[in-house]
Chemist: 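Take a look at the following structure, please.
Along the sequence shown, the residues carry numbers beginning at 1.
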Amino acid sequence: MSNGKQTKTTKKRPLPKGWRIALRICRSLIFPLLLIIGLYAGLRIGYVRFGGGDPTDVLQWETWKHMLDLVFAEN
């Protein structure tokens, strides 16, 4: 007896080994890449928008050394 619904069984073809390896590499690179992009965006927004600094100074070591000196300066 049938309840009127037909079920279809479909089998997925497995991906070739090269594609599986490529997908695994892409998945493992996406998260760190998104973290780096988010870190850069946060630095740029914080330094330029809220701090009023120059956008070209965001990634210069002298800028961050100066900030660290200000934070950890002895009073």
Chemist: Tell me whether M67 is reachable from Y40 by hopping between hydrophobic residues (I, L, V, M, F, W, Y) whose side-chain heavy atoms are closer than 4.5 Å.
Modeler: yes
Chemist: Do you reckon V58 sits in the same ILVMFWY cluster as L39, going by side-chain contacts under 4.5 Å, direct or chained?
Modeler: yes
Chemist: Can you get from Y47 to L68 by hopping between Ile, Leu, Val, Met, Phe, Trp and Tyr side chains that sit under 4.5 Å apart?
Modeler: no
Chemist: Is there a chain of hydrophobic side chains (I, L, V, M, F, W, Y, each step under 4.5 Å between heavy atoms) that links V48 to L43?
Modeler: yes
Chemist: Let me confirm one number: the CH2-CG distance from W64 to D69, rounded to the nearest 0.5 Å.
Modeler: 13.5 Å
Chemist: Nearest 0.5 Å please: distance from the NE2 atom of H66 over to the OG1 atom of T63.
Modeler: 8.5 Å
Chemist: Could you point out which residue of L23, L29, I25 forms a side-chain contact (heavy atoms from CB on, under 4.5 Å) with R27?
Modeler: L23
